Amino acid sequence: MSKNVDYIVQPGGKLTGRVRVPGDKSISHRSVMLGALAEGTTRVTGLLEGEDVLSTLGAFRALGARAEGPDHGKLVIHGVGLHGLKAPKQALDMGNSGTAMRLMAGILVGQAFDSELIGDESLSKRPMKRVSDPLGAMGAAIATAEGGRPPLRIAGGRKLHGIDYQMPVASAQVKSCLLLAGLYAEGETSVTEPAPTRDHTERMLRGFGYAVKTQGARVSVQGGGRLKACDIDVPADVSSATFFLVGASIAPDSDIVLEHVGINPTRIGVINILKLMGANLELLNPREAGGEPVTDIRVRATNLRGIRIPEDQVPLAIDEFPALFIAAACAQGETVLTGAHELRVKESDRIAVMAQGLKHLGIDARETPDGIVIQGGRLQGGEIDSHGDHRIAMSFAMAALAASGPVTVRDCKNVDTSFPGFAELAAHVGLAVKVQRGK
Ligand code: S3P
């Protein structure tokens, strides 16, 4: 059993210097998946060596793909081709990762063998019908536990056919799952999304030489093609950079540069929202890396103001709300979020857990069914339970920069799923954080 981890963060301080946060989690997962399914050798640099991505890599090793690394973000994957995976000896453990489980389901329904996907306590509570229903409509046989939860038991050897799917929730995981299943299906598989979601799967499929058609909100693939290995340079994760964007905005006299951050247009809701709140963000030297736009971001402290968050930004900032709520707590006036029910089915119920934590730190935060209303104020010190949610843990660690007393954040072990080395990196640029490891 790994040890419990708490953060003890002293109040005040500022963030200064330059940081490159670890690689993008979404792109890292996909690079392992497509690399393993491609023909030839894929070389990845900048890979996130977080536990979530290691779960995906572990699954492909169990399915017979060979890989060297990861070592300092470098991974070499020897692809087995779309039909070269072998039956695993046991259930595939996706740990804490919803992305790994949902995308792997799309791949595994196309195999000749049976498989099972399991996850940790948090993942075991997350909804999987959103993928098992449309996969079933494609001809897959996929059984969930009660209430559509994991584990997923997938029967191999089924003939899949393409479907034209109107996705009820704006979910890149569902879209990606179906496109991956579509590689194995007869005919065309199309997914129409109700609002734009991250498009890393589409971009990377094209990078591996697979034709993907995008017409407005509808994206389609034809089954029966091949993936050709390629090299991938993973940009720094804008979701991980977010903690520093918020921290530097709320801590007086901060001035920090985040390097090589991915700014795919489907991921920059946090930048748009912070700018609406008055944040001082400068995008420097925009360029391209491996089919994805990247930039350096300079952030300086400023007085933020509360806003009504535009609903069209919600899917583009879906992972960034815990940190944005801290920004709202430090802003002048009221911030209102609506249209964000999806936050309730992430690694934790992020609306409930954030509202509870903010109230505990003296902030007026009121939950609504699909959002939250936060009155900006003065954060106090206190003890926060992150409920094992990595993004909640990192958000409250940053809150200490603007708090009047120390903030203790409990249950931070899962920070390693997306941001190994967070506390050390944050301390390096000015956060007064100490890591306490328990039994
Ligand atoms: C992800 C999509 C998002 C996001 C998750 C990663 C992905 O989930 O919250 O952290 O890599 O496709 P949904 O698409 O379910 O909203």
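Excluded from the calculations below are hydrogen atoms, water molecules and symmetry mates; all remaining heavy atoms, backbone and side chain alike, are included. Since this is a predicted model, take the numbers as computed values, not measurements.
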A side-chain contact here means heavy atoms from C-beta on lying under 4.5 Å apart; do [X] and [Y] qualify?
X: Leu160; Y: Thr189; answer: no
X: Leu123; Y: Asn96; answer: no
X: Ile118; Y: Met94; answer: no

Please say whether more than 12 non-hydrogen atoms of neighbouring residues, nucleotides or ligands are located less than 6.0 Å from [atom1] in [X].
X: Glu288; atom1: CD; result: yes
X: Arg61; atom1: CZ; result: yes
X: Arg206; atom1: CZ; result: yes

Legend entry - Given Arg350, Lys346, Lys413, Arg410, the one that forms salt bridge (charged side-chain N to carboxylate O under 4.0 Å, His left out) with Asp389: Arg350
Inset, instruction - List for me each residue that meets salt bridge (Lys or Arg N to Asp or Glu O under 4.0 Å) alongside Lys129, sequence neighbours excluded, and say none if there are none. - result: Asp133
Expected output: side-chain [X] to main-chain [Y] donor-acceptor under 3.5 Å:
X: Thr144; Y: Leu152; result: no
X: Asp6; Y: Asp411; result: yes
X: Arg126; Y: Val345; result: yes
X: Tyr210; Y: Gly225; result: yes
X: Ser28; Y: Val53; result: no
X: Gln436; Y: Ile8; result: no
X: Asp71; Y: Lys74; result: no

Any side-chain donor near an acceptor of the partner, [X] and [Y], under 3.5 Å:
X: Arg30; Y: Ser176; value: yes
X: Thr56; Y: His29; value: yes
X: Asn264; Y: Asp199; value: yes
X: Glu383; Y: Thr408; value: no
X: His78; Y: Glu68; value: yes

Inset, instruction - In sequence, state the C-alpha distance, the side-chain angles, and the governing distance for Leu304 and Ser249, and then conclude on side chain to side chain contact (heavy atoms under 4.5 Å, CB included). - result: CA-CA 8 Å; Leu304 299 175; Ser249 295; 4.3 Å; yes
Inset, instruction - Kindly determine whether Asp52 and Lys25 satisfy side chain to side chain contact (heavy atoms under 4.5 Å, CB included), including the steps that lead there. - result: CA-CA 8 Å; Asp52 279 6; Lys25 183 149 70 77; 3.4 Å; yes
Grab the two heavy atoms, one from [X] and one from [Y], that are nearest each other, plus how far apart they are.
X: Ile372; Y: Ala355; result: CD1-CB, 3.9 Å
X: Glu49; Y: His72; result: OE2-N, 3.1 Å
X: Ala289; Y: Val294; result: CB-CG1, 4.1 Å

For a quick test of your reading: what N or O donor-acceptor pairs under 3.5 Å do the side chains of residues 414-424 make, sequence neighbours left out?
| unit_1 | atom_1 | unit_2 | atom_2 | d |
| --- | --- | --- | --- | --- |
| Asn414 | ND2 | Gly388 | O | 2.8 |
| Thr417 | OG1 | Asn414 | O | 2.6 |
| Ser418 | OG | His390 | ND1 | 2.7 |

Inset, instruction - Report the C-alpha separation of Thr192 and Met167 in whole Å, then their side-chain angles, then the decisive distance to 0.1 Å, and conclude whether the side chain to side chain contact (heavy atoms under 4.5 Å, CB included) test is met. - result: CA-CA 6 Å; Thr192 303; Met167 201 165 48; over 6 Å; no
Without placing hydrogens or testing angles, list every side-chain donor-acceptor pair under 3.5 Å for residues 313-331, not counting sequence neighbours.
| unit_1 | atom_1 | unit_2 | atom_2 | d |
| --- | --- | --- | --- | --- |
| Gln313 | OE1 | Asn272 | ND2 | 2.9 |
| Asp319 | OD2 | Arg198 | NH2 | 3.3 |
| Glu320 | OE2 | Ser239 | OG | 2.8 |

Legend entry - Qualifying side-chain hydrogen bond (donor to acceptor under 3.5 Å, both in side chains) pairs, either residue in residues 277-286, two or more places apart: Glu282-Arg300
Legend entry - Residue pairs fulfilling side-chain hydrogen bond (donor to acceptor under 3.5 Å, both in side chains) with at least one residue in residues 107-117, sequence neighbours excluded: Gln111-Tyr184, Glu116-Arg153
If the test is side chain to side chain contact (heavy atoms under 4.5 Å, CB included), which one of [options] qualifies with [X]?
X: Val270; options: Leu281, Val246, Thr242; answer: Thr242
X: Leu34; options: Leu180, Thr42, Thr201; answer: Leu180
X: Val169; options: Glu193, His341, Lys175, Glu342; answer: Glu342

Please list, one pair per line, the donor and acceptor atoms closer than 3.5 Å that link side chains of residues 250-263 to other protein atoms, with sequence neighbours excluded.
| unit_1 | atom_1 | unit_2 | atom_2 | d |
| --- | --- | --- | --- | --- |
| Ser254 | OG | Leu15 | N | 2.9 |
| Ser254 | OG | Ala251 | O | 2.7 |
| Asp255 | OD1 | Arg298 | NE | 3.0 |
| Asp255 | OD2 | Arg298 | NH2 | 2.7 |
| Glu259 | OE2 | Arg18 | NE | 2.6 |
| Glu259 | OE2 | Arg18 | NH2 | 3.3 |
| His260 | ND1 | Arg287 | NH2 | 3.2 |

Inset, instruction - Could you grab the distance from atom CG of Asp231 to atom CZ of Arg43, nearest 0.5 Å is fine? - result: 6.5 Å
Legend entry - Check against side chain to side chain contact (heavy atoms under 4.5 Å, CB included), Gln173 and Met101: CA-CA 9 Å; Gln173 293 182 358; Met101 184 170 284; over 6 Å; no
